[in-house]
Amino acid sequence: MALRKICQVGIGSSRNYCTAAKIQARKEALASSPQWLVGLSRWAYYKSYFPTLGLMRDDCLYVDKYVKEAVERLPNDVKVAREFRMGRALILSHSKEILPKEEWTSYEEDVDYLSPIVQQVKAEHRLRKILDERHGTRKTQGIFGTIGQVLGLQKNIK
C-alpha cells in the first residue's frame with residue numbers, strides 16, 4: 001500500500017503527517033496503557049467497518065470547511081494515498097466486499113495524520129475571528145457582503 005510506504009519512509013519529522021516516528025510513538029503509548037484498555041480499544045477498532053476497507057480513522061472525518069483546508073495542506077503523496085484509499089473503499093462498499101485480512105489497516109498503523117492539522121486550522125480560524133472582533137471591523141454579510149467586498153466597504157461593530 002502507498003501509505004505504508006509513506007509511513008516507512010517518513011515525510012519529515014517537523015510535519016504532522018504519518019511517519020515512522022509517529023507509528024513508533026503510538027506503539028510506545030499503547031505499551032504504557034493498561035492492557036484491558038488497549039484490548040478494548042483494539043476490539044472496538046476492528047468491530048468498526050473502516051479497517052476492513054483499508055481506511056484510516058482520519059479518512060472518515062466529516063468533511064467541513066476545516067477538513068477541506070487541512071486536506072489542501074497535506075503533501076501531495078499523502079493526499080494521493082488518501083484519495084486512493086477512499087476510492088477503493090467506495091468501490092468495495094458498493095460491491096459489498098471487504099479486503100483480504102492482510103490488507104486491513106492495522107490498529108498500530110492507524111495514526112492521526114489529518115486531525116492535528118484540522119485542530120490547527122480551527123485554532124487559526126478562532127484566532128482570526130478574535131482579532132477581527134478586537135479590531136472592530138468585519139466585512140458586511142449577505143448580498144451586501146459581495147458588494148462590500150468589491151467596493152471595499154466595511155462595517156464597524158461596537
Side-chain angles (χ1 to χ4, degrees), residues 1-33 37-38 40-42 44-46 48-90 93 104-158:
M1 289 179 66
L3 185 66
R4 289 197 177 122
K5 290 178 187 173
I6 292 169
C7 289
Q8 291 169 355
V9 174
I11 297 172
S13 59
S14 64
R15 300 235 164 191
N16 289 326
Y17 307 116
C18 181
T19 62
K22 286 187 86 170
I23 292 175
Q24 185 62 31
R26 179 164 170 83
K27 287 181 181 179
E28 290 171 5
L30 290 175
S32 65
S33 299
L37 185 60
V38 173
L40 183 64
S41 299
R42 185 173 283 134
Y45 179 81
Y46 286 116
S48 59
Y49 186 53
F50 65 90
T52 62
L53 299 175
L55 292 173
M56 299 177 93
R57 276 189 215 115
D58 285 349
D59 294 335
C60 302
L61 291 176
Y62 177 75
V63 179
D64 57 1
K65 65 181 181 179
Y66 305 115
V67 173
K68 284 180 184 178
E69 189 173 334
V71 168
E72 289 174 4
R73 294 183 185 188
L74 287 173
N76 194 36
D77 50 352
V78 176
K79 201 182 310 184
V80 167
R82 180 179 197 270
E83 291 171 2
F84 171 76
R85 287 192 308 271
M86 294 178 79
R88 179 179 60 181
L90 184 66
S93 179
W104 288 11
T105 306
S106 72
Y107 181 71
E108 291 79 18
E109 289 178 349
D110 191 357
V111 295
D112 296 334
Y113 69 94
L114 191 60
S115 297
I117 302 170
V118 172
Q119 292 172 354
Q120 181 183 3
V121 168
K122 286 181 180 180
E124 290 172 5
H125 278 268
R126 279 192 303 263
L127 180 63
R128 194 174 305 135
K129 183 179 177 183
I130 289 169
L131 290 176
D132 285 345
E133 290 173 358
R134 186 170 290 162
H135 292 296
T137 59
R138 187 180 353 165
K139 292 186 179 176
T140 55
Q141 298 176 355
I143 188 166
F144 297 108
T146 55
I147 296 170
Q149 290 170 0
V150 171
L151 298 176
L153 301 175
Q154 296 203 345
K155 178 179 169 184
N156 287 331
I157 302 173
K158 296 203 177 196

Q: What are the two closest heavy atoms between Val67 and Asp64, and how far apart are they?
A: N-OD1, 3.0 Å

Q: CZ/Arg128 to CZ/Arg126 distance, rounded to the nearest 0.5 angstrom?
A: 12.0 Å

Q: Within the 4.5 Å heavy-atom criterion, are Glu69 and Lys122 side-chain neighbours or not?
A: no

Q: Minimum heavy-atom separation for Ser93 and Leu53, please, with both atom names.
A: N-CD2, 4.5 Å

Q: What's the shortest heavy-atom distance between Arg85 and Asp59, and which atoms?
A: NE-OD2, 2.6 Å

Q: How would you list, by chain and number, every residue that makes a side chain to side chain contact (heavy atoms under 4.5 Å, CB included) with Lys129, sequence neighbours excluded?
A: Glu133

Q: Report yes if some heavy atom in the side chain of Val71 is under 4.5 Å from a heavy atom in the side chain of Leu114; otherwise report no.
A: yes

Q: Would you find a donor on one side and an acceptor on the other, under 3.5 Å apart, between the side chain of Asp110 and the backbone of Thr105?
A: no

Q: For Gln119, what residues pass the side chain to side chain contact (heavy atoms under 4.5 Å, CB included) criterion, not counting sequence neighbours?
A: none

Q: Measuring only between side-chain heavy atoms, which start at C-beta, is Val78 closer than 4.5 Å to Arg82?
A: no

Q: Tyr45: what forms a ring pair (Phe, Tyr, Trp, His ring centres under 6.0 Å) with it, not counting sequence neighbours?
A: Phe50, Tyr107

Q: Are side-chain heavy atoms of Asp58 and Leu61 found at a separation under 4.5 Å?
A: yes

Q: If I take atom CZ from residue Arg88 and atom CD from residue Glu83, how far apart are they, to the nearest 0.5 angstrom?
A: 14.0 Å

